[in-house]
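Right, one structure below, let's go through it.
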Amino acid sequence: MNIFHRIINKTGLRNIDLNDPKIFKYSYFFVPIFFGLISLWLGADANWDLRNYHLYNAFSLLNNKLHMDLAVAGLQTYFNPTLDVAYYLMTLYLPAPLVGFIMGAIHGINFILLAAICRTALPNLPPDDRFRIPLLLSVFGCLTASFLSEIGSTMGDDTTSIFVLASLLIVLNDWDKLFERGIRPVLIAILAGSCVGLGAGLKLTNVVCAVALCVSFFVAPVSWAIRFRVAFLFGFGVLIGMAATSGYWFYEMWRSFGNPLFPQFSAFFANPLTHAVAVVDVVFRPKNGFETVFWPFVFSLKSERTAQLPGIHQIIWPVVYILFWCWVVMALVKSKGPNIGNGMRPSSKYIVAVVAIGYLIWMKLFSIQRYLLPIELCAPLVAFILLMRLTHYQKARKIAIWVLAISSAIVLLGGVHTWGHASWSGKMFRVDLPPLDAPEKTTVLQPGGDPPFGWIAAQFPASVAFAQVHGSFPEAMPEYGNRIHAMVKERGGPVFAMVQGIGPSFRIAQVAKISETASGLGITSSEKGCAALQWTFVHLKLHASVTILDHPIGKAKCSMDVLSSDIVDVDAKNRAFVSVAAQQLAIYGYSIDSAYCRPYSAYLGKDEFPFQWCKLSQSQ
C-alpha cells in the first residue's frame, strides 16, 4: 500500500480532482483521442470478418458487383454493406495509421455519450461527487471486455453502440417531457427511436437493444395508455431509422432474391440457390435450465461459451446479476403492496429495465458476447443505481468503486484479447496481382472460405468476377453450380482458382533479424556472449538454437538457426492445399491444372497472406 501511495504522490495523481467540472469536460475531448492512440498501438485491424466481408461488401456495393459475383464472402456477402463504406473509402485515400486512429477515436465517442448518460441519470449526487461518479462509471463502462476487444476494429459493435447510447441519452434528457401531451413529446420519442433504429439497420443484432429500449417504457409510473403511446412512437422511430440505413438493402435483396434477409429465412422465402436455413445460431445459448438461471456466472467463468474469443476475463455481469436479484428481493420484503422499485427514480428504473430486458432477449436469441456490447457499457451505471437502493449512499459509493475497479482490473490484468491486428504500413491493403489478359472476361473461384479471400478480391479490378464454392453460403445444388457455369459461359474467358497458400516460416526472418542484431552488438564474437545466448534460448524455450562453432566464421564464434520443428516444407504444404481445393472444385465440374499454380502474396499492413493462383479447366 505504501508503494501504491508513493506512486500516486510522485506522479501527481493525488492532485487531480476528478470532481472538477473542467476535468469532466476535457475528458470529452481527450478520451476519444486516447482510444485513437490505443488503436494505433494495437496495429492495423486484421479481424476475420474484415478479411471475409467488411471490405469486400463495400467494394461490391460501390462497384455494382452484387449480380456479377456470387457469395464471395459466403453467407455474409449479403449483409447490409452501408456501415463498411466509410472505412473502405478511408483505406483508399488515407494513410493506414490515420485510418486506425480515426476508427479508435470514433469508438471513443461511446465514452462521451456514456458520461452524459451517467451525469443525466444521477442528478442528485452530493456536490463532492457530482462529476466524479459519472466520470468513474463511464471509465468503468469502457473498461468492459467486449468494448476493449473491438477498439479500432471494423466488427461494428463499438461503432453502432453509439446510436444505442444516443437513443438512451435522448430518452433520459427528456424523460419527464416524454409522457406529456403535445407535438414535442411525439418528436422526442420518434427521434430517440430513430437513433437506435439507425444502429439496428446498420447491424441487425442491435434490434435487441431497440426492443429493450422500447419495452422498458412500460415500467414508467404513468397510465397504460400513455405507456403504449410512447412505446408505439418510439417503435415507429425505430422503423424510420432502420429504413434510412437498411431499407434500400432490404428492397434490393427482395427484388433480387425474393427475400429481404437473403439467404437467411430461406425456410420461409424459398430461393433455388439456397437450402432452408435457420436464423439463430443456437451454439452459444444456454444448454439447460441450470445454465439459463446462472448464465452470467457460466460465461464469466468460461468465456468461450459466449465470447467467440478465448481468454476474455470479466465479472461485471455476475456483479450486476447478484445486485439485481438482491434489489428485487429487498423490494418484495419491504413493500408488500407497492410496486417493486419503490423509491427508485422512474428514469433509473427505466435504465435497469433496459439492461435487464436487453440481457434476457440477448441470452435467448444470441448469447454471443459482443452483441451485448451497448448494454454492457451501461452495466457499471446499473450496478451503482442498484447499490444506492440496497444501502445508504456512502456505503454504496465505496462498494461500487471497489467492486467496479476490481472488475476492470480483472479485464486489464487478464490481458485484453482482440480480434486480430497486423503491423502498420503506409497502405492498409495491397496484393501482388497475377497477370490478367482480359479481366472483363475472367472468372475466379474460391474454394473453402477459410482463410477468407474477400478482402483480396477487393484488390482486383472490379471487372473480374468472383464466386465462392464449398463455403459458408447454404448452397443448394444443382442450381448453385448451374449459376457458376452460367457466369463462366456468359463471360467467355479463362477460369482460375484462388487457393490457400503458405510462405516460408516467419521464424526464418525472425531468427535472421535476431542474429544480425546480436552480431552487431558483438555478442556472437565472444565465447561468454555465445554461452549467454545459448542459455537464454534453451531456458526461455525460444524458437531458435545457438550452435558453438568449431571454427569461427569471421568474428562469429556461434550461429543461430531455426528449430527443425519450425521448418515447413512449403511446396508439400501448398500441394496439399491444392489437393483439397481440387476435391471441392470437382463437385462443380472443374479441375485444377496443377502445373499452372503460382504463389502470390497479399498484404494487410505489413503482414503477409500468401495464396495460390491456379488455372482451371472444365471436367469432361
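Please read these numbers as outputs of a predicted model, since none were measured by experiment. Starting from 1, each residue takes its place in the sequence as its number.
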### Message
Using the rule given for ring-ring contact (aromatic ring centres under 6.0 Å, His included), can you reason through F35 versus F147, listing the C-alpha separation, both sets of side-chain angles and the distance that settles it, and then say yes or no?
### Response
CA-CA 11 Å; F35 281 122; F147 179 76; 5.5 Å; yes
### Task
Give a yes or no on whether the backbone of T154 and the side-chain of H54 come within a donor-acceptor separation of less than 3.5 Å.
yes
### Check: I548 main-chain N/O paired with Q534 side-chain donor or acceptor under 3.5 Å
no
#### Entry: Y596 side chain reached by F496 side chain, heavy atoms, under 4.5 Å
yes
### Any L83 side-chain heavy atom under 4.5 Å of T159 side chain
yes
### Message
Please report the interatomic distance CG(L75) to OH(Y53), rounded to the nearest 0.5 Å.
### Response
9.5 Å
#### Entry: Residue from Q500, M498, R598 passing side-chain contact (heavy atoms from CB on, under 4.5 Å) with F611
M498
#### Entry: Ring geometry between W535 and H539 (parallel below 30°, tilted from 30 to 60°, perpendicular above 60°)
parallel
### Message
Using 0.5 Å steps for rounding, measure from the CG atom of D157 to the NE2 atom of H107.
### Response
9.0 Å
### Task
Check the surroundings of atom NE2 in H421: do more than 12 heavy atoms from other residues, nucleotides or ligands lie under 6.0 Å from it?
yes
### Query
Just how far is it from atom OG of S300 to atom CD1 of I410, taken to the nearest 0.5 Å?
9.5 Å
### Message
Could you check whether atom CZ of F24 has more than 12 heavy atoms from other residues, nucleotides or ligands sitting under 6.0 Å from it?
### Response
yes
#### Entry: side-chain hydrogen bond (donor to acceptor under 3.5 Å, both in side chains) between D45 and S153, intermediate numbers included
CA-CA 5 Å; D45 179 28; S153 84; 4.9 Å; no
### Message
Determine whether a donor-acceptor pair (N or O, by modelled atom type, separation under 3.5 Å) exists between the side chain of R491 and the backbone of P439.
### Response
yes
### Message
Can you confirm whether F101 sits close enough to L37 that some side-chain heavy atom of one is under 4.5 Å from a side-chain heavy atom of the other?
### Response
yes
#### Entry: side-chain hydrogen bond (donor to acceptor under 3.5 Å, both in side chains) between E376 and Q369, intermediate numbers included
CA-CA 9 Å; E376 188 170 278; Q369 185 76 36; 2.6 Å; yes
### Query
Between W362 and F299, does the ring centroid distance fall short of 6.0 Å?
yes
### Query
Counting only N and O atoms by type, is there a donor-acceptor contact under 3.5 Å from the side chain of Y588 to the main-chain atoms of H470?
yes
## Note on the structure
Closest heavy-atom pair, G141 versus T144, reported as atoms and distance to 0.1 Å, is O-OG1, 2.7 Å
### Query
What are the two closest non-hydrogen atoms of I502 and N574, and how far apart are they?
N-OD1, 2.8 Å
### Query
Would you call W317 and L372 a side-chain contact if the rule is heavy atoms closer than 4.5 Å?
yes
### Summary
When rounded to the nearest 0.5 Å, the distance separating CG of D69 from CD of Q446 is 8.5 Å
### Query
Are side-chain heavy atoms of V488 and T443 found at a separation under 4.5 Å?
yes
### Query
Which atoms form the tightest heavy-atom contact between A518 and L533, and what is the distance?
CB-CD1, 4.2 Å
### Query
Between atom CD of E516 and atom OG of S519, what is the distance when rounded to the nearest 0.5 Å?
8.0 Å
#### Entry: Non-hydrogen side-chain atoms of V562 and H543 separated by less than 4.5 Å
no
## Note on the structure
Shortest non-hydrogen pair, L433 vs P461, comes out as CD1-CD, 4.4 Å
### Verdict with reasoning, Q612 to F577, per side chain to side chain contact (heavy atoms under 4.5 Å, CB included)
CA-CA 9 Å; Q612 300 180 77; F577 288 140; 3.9 Å; yes
### Query
Under 4.5 Å between any side-chain heavy atoms of I162 and I106, yes or no?
yes
#### Entry: Note: D49-R370 ion pair, threshold 4.0 Å (strictly below)
yes
### Task
Apply the test side chain to side chain contact (heavy atoms under 4.5 Å, CB included) to residues F609 and Y603: give CA-CA distance (whole Å), side-chain angles for both, the deciding distance (0.1 Å), then the verdict.
CA-CA 6 Å; F609 294 82; Y603 299 87; over 6 Å; no
## Note on the structure
Of all heavy-atom pairs linking V578 and C597, the shortest is CG2-SG, 4.1 Å
### Query
Got a donor-acceptor contact below 3.5 angstrom from the E150 side chain to the S146 backbone?
no
### Greater than 12 external heavy atoms within 6.0 Å of E304's CD
yes
### Message
Taking CG in N64 as the centre, count heavy atoms belonging to other residues, nucleotides or ligands within less than 6.0 Å. Is the count above 12?
### Response
no
### Message
Please determine whether ring-ring contact (aromatic ring centres under 6.0 Å, His included) holds for the pair Y480 and F473, giving the CA-CA distance in whole Å, both sets of side-chain angles, and the decisive distance to 0.1 Å.
### Response
CA-CA 10 Å; Y480 192 88; F473 187 87; 5.5 Å; yes
### Task
Kindly indicate, with the supporting measurements, whether the criterion side chain to side chain contact (heavy atoms under 4.5 Å, CB included) is fulfilled by L377 and S161.
CA-CA 9 Å; L377 287 168; S161 58; 4.2 Å; yes
### Task
Evaluate whether atom CD1 of I553 has more than 12 neighbouring non-hydrogen atoms of other residues, nucleotides or ligands under 6.0 angstrom away.
no
### Query
Would you find a donor on one side and an acceptor on the other, under 3.5 Å apart, between the side chain of K615 and the backbone of A595?
no
### Message
Within the structure provided, determine whether N57 and V85 are in side-chain contact (heavy-atom separation under 4.5 Å).
### Response
no
### side chain to side chain contact (heavy atoms under 4.5 Å, CB included) assessment of L70 paired with V469
CA-CA 9 Å; L70 180 62; V469 298; over 6 Å; no
### Task
Could you tell me whether the side chain of N52 and the main chain of W48 form a donor-acceptor pair under 3.5 Å?
no
### Message
Nearest 0.5 angstrom please: L585 CG to S591 OG, how far?
### Response
9.0 Å
### Query
Any donor and acceptor pair, going by atom type alone, linking the side chain of T517 with main-chain N or O of K513 inside 3.5 Å?
yes
#### Entry: Main-chain N/O of L404 paired to S408 side chain as donor or acceptor, under 3.5 Å
yes
### Message
Using ring centroids (six-membered ring only for Trp), state whether F460 and W613 fall under 6.0 Å.
### Response
yes
### Query
So, the side chain of S515 versus the backbone of V511: is there a donor-acceptor pair under 3.5 Å, distance only?
no
## Note on the structure
All heavy atoms of T91 vs all of F429, minimum pair found to be CG2-CE1, 3.8 Å
